[in-house]
Amino acid sequence: MIQKLLNIDRRWIFLFIFVGVAAAMLFPLPLPIRPSSDVKNVYNTIESIKGKPNATVLLSFDYGPGSEPELQPTAISIIRQCFRNNIKVVGMALWPDAVGLAQAAFDSVSRAEGKEYGKDWTFLGYKTGSVTLILNMGEDFHGAFNVDYRGNKTSEMPVTQHIAKLGSFDYVVTLAAGKTIDGVWVTYAVDRYRIKLGGATTAVTSPDMFPYLQSGQLNGLVSGLAGAAEYETLVRTQGSATRGMQPQSAAHLIIIISIIIGNTMYFVQRRRDRRQSVSGNEGTRS
Amino acid sequence: MIFFKRTLPLVIAFVMGIVAISIYYIPHQAAVDLNDLLSKWDRIIAAFAAFLGVYSLLYLHAGRLKRRQAGWGYSVFVYLGFVVMLTAAIYNNGAGPLVALRKGGAYDWLYTNVFVAADASMFAILSFFIASAAYRTFRARTTEATILLVAAVIVMLGRVPIGALLWESMPELQQWLMNVPNMAAKRGILLGVYLGAVATALRIIFGIERSYLGGDE
């Protein structure tokens, strides 16, 4: 029996996960979401620049559709917070497949908050180069992006005409699925141009970011779906991240229960094997 | 011929490597302007790499199709996806390829309903495999494995609201694990990685590492 349970067909485990996640989605329980200090730091930095003349935040979309469920809710929440506080937002992408996601985020929030393209926000699109693009932006923003995604001149749009270089932004937030936070933004933008940088990343990447958080090179971090849900709590909006906390909690709980059952079976089996080998040895001696 | 295949690339790598490192530390407008110019060159070269990538991908899959290699059916989908997306992008909802991408067209629809959905689903199914792997292989066989297992359970619970519901201090304990033991290990790994990166960069600049030249270098 124990051996059977140890070698259970993995499709049963898939079924448990499916049932657990589906049940959590169908019958959601209200769960407490407490924003962590790293998430609050990003939120508070944006709050601190409201009221400042021409306050502008740069949002870099550095992720693809694979990370959309984790990072898109954060992008939407940050844009919403900026718009509600009359802070201008400039979007850009270091990943080509992020363009559609960025546009979707801007379109939905700008429509809901009644914000105008070119005056309150703009999207610059994707450009190649990554590191070298940041270096160009650090020296001459209008040179690096002379036109936005729609072909408007950045030197003429009210949202970007006051931006001379990367340092002109009041805050930069990178939403990254890969190594762009530490490999590009921290190394080249923060250390060279002394910008204030916040990050949002997938849960799997976030442990890599903690050294930069402690050193202050990254002033805050929204990590994974949980971080996105915390941000939604701060901006008082119940979005997909908040709704995702119930299925994610269920999945984590099932994984933990699986680990406990797996280990219990393993130890019971090991004890049996030992007993059998001891009684076998005694039998041989007698 | 050997001059163009080996000597010239080595000279370019050496000169550009030394110049790029030097101008980073020279606080003069001329150095800043040169850095700006070199960065623009780099971005232009990087843009051409996209064409190389497309050629390489299509060439690889053409070979699989020709040889009827195992799984060649997937290569058909590569070509199908490439042609359909490219056509939709060029058509651009009737506006043509020379203006910014129009909303609401075939490309937009395919991106949202096929590409985004398929890519997100691929990551979502990881949850099933993680659960299966956790049940089968995550065993407390040794002291180290037990510590890892306990830490993993705390982090998994502390990262979701149900953790705080089970025990109020779970998120704080999770945060401590991430901030102290995790970070100590990460710092060590990062120092090693970046020292290795510096060493490799110097080897390339001084022509010791030549594998980027291709062939039998």
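Protein chains get the first letters and strands the later ones, always in sequence-line order, with residue 1 at the start of each.
Of the two parts of Y126(A), neither the backbone nor the side chain holds a non-hydrogen atom closer than 4.5 Å to a non-hydrogen atom of chain B. In this structure, the portions of D97(A) lying under 4.5 Å from any heavy atom of chain B include both its backbone and its side chain. If you measure heavy-atom distances from S130(A) to chain B, you find no contacts under 4.5 Å at all. Neither the backbone nor the side chain of I45(B) comes within contact range of chain A; no heavy atom of the residue lies under 4.5 Å from a heavy atom of that chain. Only the side chain of P69(A) comes within less than 4.5 Å of a heavy atom of chain B; its backbone N, CA, C and O stay farther away. For chain A, no part of L37(B) is nearby; none of its heavy atoms comes within less than 4.5 Å. For a residue to count as touching a neighbouring chain, one of its non-hydrogen atoms must lie under 4.5 Å from one of that chain's; by this rule T264(A) does not touch chain B. Using a 4.5 Å cut-off between heavy atoms, Q248(A) contacts chain B through both its backbone and its side chain. For D148(A), no part lies near chain B; criterion is any non-hydrogen pair under 4.5 Å. Both the backbone and the side chain of M156(B) have a heavy atom closer than 4.5 Å to some heavy atom of chain A. Residue F48(B) does not touch chain A at all, counting heavy-atom pairs closer than 4.5 Å. The parts of D36(B) that come within reach of chain A are both its backbone and its side chain, each placing non-hydrogen atoms under 4.5 angstrom from that chain. If you measure heavy-atom distances from Q29(B) to chain A, you find no contacts under 4.5 Å at all. Heavy-atom distances place both the backbone and the side chain of I8(A) under 4.5 Å from chain B. Using a 4.5 Å cut-off between heavy atoms, F16(A) does not touch chain B at all.
Here the side chain of R136(B) pairs no donor or acceptor atom with the backbone of G262(A) at under 3.5 angstrom. Checking side-chain atoms of Y266(A) against main-chain N and O of F138(B) turns up no donor-acceptor pair under 3.5 Å. A donor-acceptor pair under 3.5 Å is formed between the side chain of N263(A) and the backbone N or O of A140(B).
Contacts with chain A were tallied for Y24(B), F128(B), Y107(B); F128(B) has the most, counting heavy-atom pairs under 4.5 Å. Interface remark: of the candidates W41(B), F123(B), Y111(B), Y111(B) forms the most heavy-atom pairs closer than 4.5 Å to chain A.
The two residues P171(B) and R34(A) have their closest heavy-atom pair at CG-NH2, 3.5 Å. Taking every heavy atom of both residues into account, P207(A) and M178(B) meet most closely at CG-CE, 3.6 Å. Here the closest heavy-atom approach between residue G129(A) and residue A46(B) is recorded as N-CB, 4.4 Å. Of all heavy-atom pairs between F210(A) and M183(B), the closest is O-SD, 3.0 Å.
Contact check on K40(B) versus E139(A) returns no salt bridge, with no Lys/Arg side-chain nitrogen under 4.0 Å from an Asp/Glu carboxylate oxygen.
Within the 4.5 Å cutoff, the side chain of S249(A) has heavy atoms near those of the P161(B) side chain.
Residues of residues 252-260 of chain A having a heavy atom under 4.5 Å from any heavy atom of chain B, listed by number: H252(A), L253(A), I255(A), I256(A), S258(A), I259(A).
Seen from the ring of Y135(B), R10(A) does not count as a face-on cation partner, given the 6.0 Å and 45° thresholds.
The environment of OH in Y79(B) is crowded: more than 12 heavy-atom neighbours from other residues, nucleotides or ligands sit within 6.0 Å.
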